[in-house]
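Here is the structure we will look at, set down as C-alpha cells.
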Number of protein chains: 2
Amino acid sequence: MERADAARNRAALLAAATELIRERGIDAVSIDDVAAAAGVGKGTVFRRFGDKAGLIQAVVDSTAASWHQVASLDVRTAGEFAGQLFDHVLASLPLVIAVERTSARSCEANFQLTVDRLARLVGSTFNAHALLAVLRGEQIAFLLDQGMTADEIRAGVISLADTLAAGV
Amino acid sequence: MERADAARNRAALLAAATELIRERGIDAVSIDDVAAAAGVGKGTVFRRFGDKAGLIQAVVDSTAASWHQVASLDVRTAGEFAGQLFDHVLASLPLVIAVERTSARSCEANFQLTVDRLARLVGSTFNAHALLAVLRGEQIAFLLDQGMTADEIRAGVISLADTLAAGV
DNA sequence: GTAGCAACCGGACCGACGGTCCGCTTATTG
DNA sequence: CAATAAGCGGACCGTCGGTCCGGTTGCTAC
C-alpha cells in the first residue's frame, strides 16, 4: 500500500510534468523543473519514477496518448485505424514526442499488438512499420512545421493506409 | 587561406569523429573523446566547427551519406531511387543517425531538392515525406533490431515506392 | 494516546557533457 | 628575422540526470 503523502506527490508530479511538457516541449523541461513545479524535492521524482524515461512513460500512460489506449480501438479498415491513430498523436503531440525521444519502451507489449493488428490490415509487417513511421510525433511535427495543415496530413495518412491495404 | 596546421587538425578531427561515431554510435561519443582521439584540444573543435551539430554535419558532408551526394543520383523510377537511397543510408547508418539526432539542418537545400524530386515520382509531397520517414536511419536501425534483414527492408522500401508511384 | 518503525522526503552532492575564454604558441609574410 | 594575426589547448562554467543520507512523517499495534 502506498502512503497517502506518496500518492499525493505522485499525482502532483504527473500533473506538473504533463503541463510543463505540453506547454514547453520535453527539451525545455528538466527534472528539477518538474520537481519544483510539483512542490517536491528532486529525490522524490527519482524515488517514484526511477528515471526521466520512467516519469515520461508514466505521464503518457496516464493520458490518452499511450499505446495501451490505442490497442483497444475498435476499427474496420486500415484507413480508419490510421485516422484514429493520427488523432491520438495530434492531440498529445508534445507528450508523444517526449516518449519517442526517451524510451526504448516503444517495444512494449501494446506496441507489438498495434503493429500486428496493423500488419494484418496492410499486408505486411514492413508496411505496418512504415505507417507507424509516418505517424511518429516528430514526423507529424515536422510536416506541420513545413506548412502542411493537420487535415492535409490526416488525409495523406488515411490515403496511404488505404493504398497499402488495397494491395492485400 | 587556412593555415597548414589548421587544415591538418580539421582533417584529423573529421577522421577521428567519423571513426568513433561509426564504431560506437553518436550517443557514446563526446566532443572530448573526439578531441582526444585527434590529439588536439577541445577548443580547437569548437573553433573549427562551431558546435557538435556542426562537427557532425561536416563529418557527414565529407562522406557519401549527405543529401548533397544523394541529390545527384541518376535514376528513373521511384523504386530505383528508393533503393539507392536505402543503400546510402545503410552504408553509413551510425553517421546518418548522428545527423538526424543533432541537426535541424535536414531542411537544407539539398534535402528540399530530394523531397521535390521524390514528390514528382510518387505523386505528392506527403508521400515523398512518407518514404523519407521510412528511410530514416533510426527507422532502419529499429527494423534491423527487430530481426528484419537488410534485404527484406530494401525490398519493402522499393515495393512501397513503386506502389505509391503506381497511383500517379 | 503514544511509541516505534518503515517508508518517505528534500536538497546537497556527483560526474559527464556541451560550450566559452584567454594567455601562450606558431605559421606566415615582407 | 621581426611583427602579427591566426590558431591552440585546457582550465573553467552552467546545466542536467542521477545518487545519497540525515531528518521527518504517516501508519499501526498496543
Side-chain angles (χ1 to χ4, degrees), chain A residues 1-21 23-60 94-95 97-105, chain B residues 1-21 23-60 94-95 97-105:
Chain A
M1 180 53 193
E2 186 173 57
R3 249 167 62 169
D5 53 346
R8 221 176 319 135
N9 285 340
R10 152 175 282 127
L13 283 167
L14 283 178
T18 304
E19 187 186 331
L20 284 179
I21 295 175
E23 67 191 21
R24 297 191 206 163
I26 186 62
D27 288 346
V29 176
S30 69
I31 297 281
D32 298 77
D33 290 340
V34 174
V40 306
K42 186 182 193 172
T44 304
V45 181
F46 288 98
R47 162 173 296 274
R48 275 293 97 76
F49 301 103
D51 58 10
K52 194 179 189 181
L55 170 61
I56 292 171
Q57 187 71 49
V59 165
V60 168
L95 265 38
I97 290 174
V99 79
E100 285 169 3
R101 288 247 251 269
T102 55
S103 85
R105 303 194 182 94
Chain B
M1 182 50 195
E2 187 173 56
R3 248 167 63 168
D5 53 346
R8 222 178 315 131
N9 285 339
R10 149 174 284 126
L13 282 167
L14 283 177
T18 304
E19 187 186 332
L20 285 178
I21 295 175
E23 69 190 22
R24 295 192 206 162
I26 186 63
D27 287 346
V29 177
S30 68
I31 296 281
D32 297 76
D33 291 340
V34 174
V40 306
K42 185 182 195 175
T44 304
V45 181
F46 289 98
R47 161 173 298 273
R48 273 295 95 76
F49 301 104
D51 58 11
K52 195 178 190 183
L55 171 62
I56 292 171
Q57 187 71 49
V59 165
V60 168
L95 265 38
I97 290 173
V99 78
E100 285 169 3
R101 286 247 251 272
T102 55
S103 87
R105 305 193 180 93

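Lettering of chains follows the sequences in order, A, B, ..., and the numbering in each one begins at 1.
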Describe the nucleic acid contact of [X] in one word from base, sugar-phosphate, nothing, applying a heavy-atom distance below 4.0 Å.
X: A/Arg8; answer: nothing
X: B/Lys42; answer: base
X: B/Arg10; answer: nothing

If you take all heavy atoms of B/Val45 and B/Ala35, which pair is closest and at what distance?
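Nearest pair, atom of B/Val45 first, then B/Ala35: CG2-CB, 3.8 Å.
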Is the closest side-chain heavy-atom distance between B/Phe46 and B/Ile31 below 4.5 Å?
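A side-chain contact exists here, since the closest heavy-atom pair is under 4.5 Å.
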Would you tell me if any nitrogen or oxygen in the side chain of [X] comes within less than 4.0 Å of OP1 or OP2 on [N]?
X: B/Arg47; N: D/dG9; result: no
X: B/Arg3; N: D/dA5; result: no
X: A/Asn9; N: C/dC8; result: no

Of all the nucleotides listed ([options]), which has the minimum atom distance to the side chain of [X]?
X: A/Asp5; options: C/dG18, C/dA12, C/dC8; result: C/dC8
X: A/Arg48; options: C/dG19, D/dC8, C/dC8; result: C/dC8
X: B/Ala4; options: C/dT28, C/dG19, C/dG10; result: C/dT28

Could you tell me the separation between the [atom1] atom of [X] and the [atom2] atom of [Y], rounded to the nearest 0.5 Å?
X: A/Asp51; Y: A/Gln57; atom1: CG; atom2: CD; answer: 10.5 Å
X: B/Lys52; Y: B/Ile26; atom1: NZ; atom2: CD1; answer: 4.5 Å
X: B/Arg48; Y: B/Glu2; atom1: CZ; atom2: CD; answer: 5.0 Å
X: A/Thr102; Y: A/Ile56; atom1: OG1; atom2: CD1; answer: 3.5 Å
X: B/Arg8; Y: B/Arg3; atom1: CZ; atom2: CZ; answer: 10.0 Å

In this structure, how many angstroms lie between the [atom2] atom of [N] and the [atom1] atom of [X], rounded?
X: B/Phe49; N: D/dC8; atom1: CZ; atom2: C1'; answer: 15 Å
X: B/Leu55; N: C/dG18; atom1: CG; atom2: P; answer: 10 Å
X: B/Glu2; N: C/dT26; atom1: CD; atom2: P; answer: 18 Å
X: B/Phe46; N: D/dG10; atom1: CZ; atom2: P; answer: 15 Å
X: A/Met1; N: C/dA7; atom1: CE; atom2: C1'; answer: 13 Å

Members of residues 24-36 of chain A that approach DNA chain D, where some heavy atom sits under 4.0 Å away
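Of all residues in residues 24-36 of chain A, the ones placing a heavy atom under 4.0 Å from DNA chain D are A/Ser30, A/Ile31.
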